[in-house]
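This report concerns only the one structure given below.
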Amino acid sequence: MSQTTINGRSVADIRKDFPLIAGTTLAYLDNAATSQKPRSVIDALSGYYSAYNANPHRGVYPISEQATQAYEGARKKVATFLGAVDSASVIFTRNTTEAINLVAYTWGQANIREGDEIVTTEMEHHSNMVPWQLLAKRKGAKVRYLPFDAATGGPAWSALPGLLSAKTKLVAFAHVSNSLGTINPVAEVVAMVRKHSAAKVLVDSAQGAPHLQVDVKGWDCDFLALSAHKMLGPMGVGVLFGKRELLEAMDPFLGGGDMIREVYIDRESKWNDLPWKFEAGTPNVGGVIALGAAIDYLDAIGVAAIHRHEQALTQHALDRLKRMKGITLYGTPDAKGRCGVVSFNIDGVHPHDAGSLLAREDVAVRVGHHCNMPLMKRLGLWGTTRASFYLYNTIEEVDRLLIAIPKIQKLFS
């Protein structure tokens with residue numbers, strides 16, 4: 001086991017915090033899909049259900065008050081993690097997909113008109129593409145796509161000003177590509193949008209927040225979305241950050257439960273204050289509290305240190321894959337411009353076959369189009385084999401992947 005350290009802790013020691021992989025032979029290299037969970041996160045989730053399971057906000061008895069304190073405490077942790085100055089600008093959702101759809105169905109419904117334009121990129125996850133297509137269809141608007149540049153492994157950002165005009169009302173793009181790991185220059189892109197249009201900006205940070213520092217205030221983005229399960233937290237919890245003035249002006253997404261202040265039969269009801277206006281019904285209380293525990297864990301190690309570790313693993317994989325015959329790599333040429341993702345194909349081997357044979361070696365990777373069909377079509381591919389790394393992965397695990405590839409090639413020779 002490699003003794004590589006992350007902020008003073010060996011990876012071997014960090015692995016002990018993760019029950020699913022501790023002491024096993026599984027090389028879990030599918031972290032872009034979902035991360036494993038440390039014991040502290042699991043304990044936070046089970047601790048809520050075993051010790052103070054009650055609805056927040058609605059009870060004056062002790063365990064309800066404890067649930068309220070823990071739930072709202074997690075919101076403050078998220079706000080700090082994102083660099084947001086106002087915790088009321090943090091809305092809890094089920095996932096990144098729901099957070100983006102919330103914007104499409106509320107802000108979009110009120111602000112997109114016939115003839116308006118929404119700009120996104122060819123490399124987006126379907127969750128940051130389909131909601132805008134649906135919105136454009138409803139409103140008679142148009143979605144325009146910034147082309148993918150295969151040479152850089154990312155969008156052709158230099159072409160963005162040419163897509164921006166008075167018609168542009170929203171620019172939506174990924175912080176990090178889920179298929180290629182490409183890191184997009186968020187601050188620079190937002191500044192470019194501000195210079196050439198009055199459009200709002202939405203950042204999909206599902207793949208960025210687990211690995212890189214987020215700074216919504218410094219970036220000046222209008223919206224940002226993420227998912228807990230990709231950053232050591234539980235499934236079923238997401239976050240939407242929105243500028244307060246925008247959220248205040250938006251209608252509720254769902255009706256009922258805690259999003260109301262007063263309900264009338266004979267006139268329009270009144271909505272609750274932010275953030276609760278957008279959190280109708282009983283929330284995933286335990287999941288939100290566990291997200292808070294995940295942020296505590298990430299903060300203790302430091303996302304910058306985690307990213308350096310992932311880049312070392314990524315560069316190790318890229319260097320060796322480049323030396324192998326019959327391997328095609330996709331994305332930026334080295335690890336500097338990406339998070340811990342390596343996407344490749346083995347000549348003459350379908351990605352599904354590659355993934356199945358790697359599973360026999362106890363190496364877990366993702367295969368397919370990765371919810372990036374337009375990007376795959378742009379690359380002329382059905383899909384790829386994707387290995388993605390996180391803080392608990394080791395050089396030895398990457399080597400197991402690399403050692404298995406020639407075995408697969410031999411089977412298909």
Side-chain angles (χ1 to χ4, degrees), residues 95-109 111-150 152-209 216 219-227 238 240-242 246 331 369-379:
N95 42 49
T96 300
T97 301
E98 184 175 271
I100 293 173
N101 275 274
L102 189 159
V103 176
Y105 277 95
T106 54
W107 181 89
Q109 192 66 25
N111 291 278
I112 300 298
R113 301 284 185 269
E114 185 175 355
D116 285 346
E117 295 181 350
I118 300 163
V119 173
T120 186
T121 85
E122 288 185 335
M123 68 182 290
E124 298 306 308
H125 190 284
H126 298 162
S127 293
N128 198 28
M129 188 177 285
V130 175
W132 311 125
Q133 293 174 344
L134 292 171
L135 173 62
K137 183 178 180 180
R138 292 196 304 271
K139 305 294 285 188
K142 181 180 180 180
V143 182
R144 303 190 70 187
Y145 297 94
L146 189 67
F148 176 76
D149 182 353
T152 65
W157 292 116
S158 61
L160 179 60
L163 292 182
L164 301 175
S165 70
K167 294 181 179 180
T168 312
K169 295 300 185 291
L170 178 74
V171 177
F173 66 97
H175 185 183
V176 172
S177 165
N178 69 300
S179 281
L180 306 178
T182 306
I183 302 170
N184 287 320
V186 178
E188 291 86 343
V189 174
V190 175
M192 197 183 304
V193 174
R194 299 286 184 244
K195 181 178 179 180
H196 295 280
S197 75
K200 305 303 180 189
V201 179
L202 180 144
V203 178
D204 171 2
S205 195
Q207 299 292 339
V216 294
W219 291 345
D220 190 35
C221 60
D222 299 290
F223 302 102
L224 181 138
L226 61 83
S227 292
L240 172 68
F241 160 83
L246 296 176
H369 55 68
H370 316 300
C371 294
N372 278 154
M373 283 186 175
L375 174 61
M376 295 298 141
K377 291 175 182 177
R378 179 74 167 183
L379 294 170

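Shown here is K139, whose NZ atom has more than 12 heavy atoms of other residues, nucleotides or ligands within 6.0 Å.
The structure places CG of L135 at 8.5 Å from CG of L170, a figure rounded to the nearest 0.5 Å. Rounded to the nearest 0.5 angstrom, L134 CG and N101 CG are separated by 7.5 Å.
With sequence neighbours excluded, no residue forms a ring-ring contact (aromatic ring centres under 6.0 Å, His included) with F241. Every ring-ring contact (aromatic ring centres under 6.0 Å, His included) that H369 has, sequence neighbours left out, goes to H126. Every residue meeting the salt bridge (Lys or Arg N to Asp or Glu O under 4.0 Å) condition with R194, not counting sequence neighbours, appears here in chain and number order: D220, D222.
Contact check for V193 versus L160: side-chain heavy atoms found under the 4.5 Å cut-off. Side-chain contact between F173 and V186 is present, with heavy atoms from C-beta onward closer than 4.5 Å. For the pair T121 and E124, the minimum side-chain heavy-atom distance is below 4.5 Å. A heavy-atom distance below 4.5 Å is not found between the side chains of F223 and V203. W219 places none of its side-chain heavy atoms less than 4.5 Å from the side chain of V201.
Residues P147 and R378 come closest through the heavy atom pair CB-NH2, 3.8 Å. What you find for P155 and L146 is that their closest heavy atoms are CB-CD2, 3.6 Å. The shortest non-hydrogen separation linking S158 to P161 is O-CD, 3.5 Å. The heavy-atom pair separating I100 from S127 by the smallest distance is CG2-O, 3.5 Å.
N184 places a side-chain N or O within 3.5 Å of a backbone atom of A174 that can act as its donor or acceptor partner. Distance alone, capped at 3.5 Å, is enough to place a donor-acceptor pair between the T120 side chain and the A172 backbone. When atom types are taken as modelled, the side chain of E122 and the backbone of F148 share a donor-acceptor pair closer than 3.5 angstrom. Proximity of a side-chain donor or acceptor of T182 to a complementary backbone N or O of S177 within less than 3.5 Å is not detected. In this structure, D116 contributes its side chain and R113 its backbone to a donor-acceptor pair below 3.5 Å. The closest donor-acceptor contact from the side chain of S227 to the backbone of T96 lies under 3.5 Å.
In this structure, a donor-acceptor pair under 3.5 Å is absent between the side chains of S179 and H370.
The residue from K142, R144, K169 that alone fulfils the salt bridge (charged side-chain N to carboxylate O under 4.0 Å, His left out) condition with E117 is R144.
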